[in-house]
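Input: a single structure, listed below in structure tokens.
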Amino acid sequence: MKIVDKALGGFLGLAIGDALGAQVEFKPPGTFPLVTDMVGGGVYNLLPGQITDDTIMSILSTRSLLECKEFSAHHMMDLFYKWSSSPECFDIGTTIQEAIYAYKRTGDPFQGIDDENYSGNGSLMRIYPSILWTLDLNDVDAFSIVWDISRLTHASPIVYDVSLSFFKILRKILLADSIQKDEILKGLKIQLPSRSSGFVLDTFNVALWGFANSESFEEGVLKVVNLGDDADTAGAVYGQLAGSFYGVNALPERFLRHIREKDEISGLVLRMIKR
Ligand SMILES: [Mg+2]
């Protein structure tokens, strides 16, 4: 599969997982009719296919990288700030909101807290652009940029470990000529957490579990979002992984056609890959 088809799959997969999951976000598992389609609703009364902060922050990160032609921490945080203070902003995590306030107060864009109590999934959900941006660098230089983008808002040792694992997996998929699921999952200890919480390790495990226990993008994404709770971010992280693996042509059209940002995302991905 061509790298561009995997990259389109990963970014559009993120959006699909986000929009599907947002329909049942915050709801404990078993308290809602199972998600089977893009129907909207949920606590934010969304339109079918409406994306949330997970996809929006990924789009903003991509725009910043392409506009600056490099990673500019100030520029990216300025875009986050502009969005966070706009009427369109909803579902923003408290860690991210606090980091943005602290940036405006201090001028220092690196506001992630190096403390295990701050190990939310708010930077993992938007890691995909940084992976695409750094594909042509060696592992060390690439991850250094990926981590810098995380620590704008999230800098705990657990977030570091999870980000590094996800970075390795996504790079392996994107850079391989062909790869089997077994090779990706080899050596990973996947533990389905008791809840699909906002804790970064839980989200990562839910995404891996959905990927390991399904035969298609669609089967996995529905399994993941139907765990409820932080379903949009779990869906977004699963979507990056499974979308990259199965490719853009494997994304169900009945989900994709509702994503209003589809063309914008595709354009951004093409610019990232062809630069
Ligand atoms: Mg969200």
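Counting starts at 1 for both ligands and their atoms, following the listed order. Remember, it's a predicted structure, so these values are computed and weren't measured experimentally.
Aromatic ring centres of F71 and W133 lie farther apart than the 6.0 Å criterion allows.
For the Mg ion (ligand 1), the nearest N, O or S atom contributed by D232 is named OD2. The closest approach of D53 to the Mg ion (ligand 1), by N/O/S atoms, is made by OD1. Its N, O or S atom nearest to the Mg ion (ligand 1) is what matters here, and for D91 that atom is OD2. If you look at D54 and ask which of its N, O or S atoms sits nearest the Mg ion (ligand 1), the answer is OD1.
Checked by atom type, the side-chain pair D230/S197 shows no donor-acceptor distance below 3.5 Å. Side-chain polar atoms of D202 and N205 form no donor-acceptor pair below 3.5 angstrom.
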* Start with the C-alpha gap between T203 and N121, add the side-chain angles, then the distance that decides, and say whether side chain to side chain donor-acceptor pair (under 3.5 Å) holds. => CA-CA 7 Å; T203 304; N121 53 22; 2.8 Å; yes

Review item, side-chain donor-acceptor pairs of residues 89-96, under 3.5 Å, at least two apart:
unit_1 : atom_1 : unit_2 : atom_2 : d
D91    : OD1    : Y44    : OH     : 2.9
D91    : OD2    : T52    : OG1    : 3.4

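Here T52 reaches the Mg ion (ligand 1): one of its N/O/S atoms is less than 2.8 Å from the metal.
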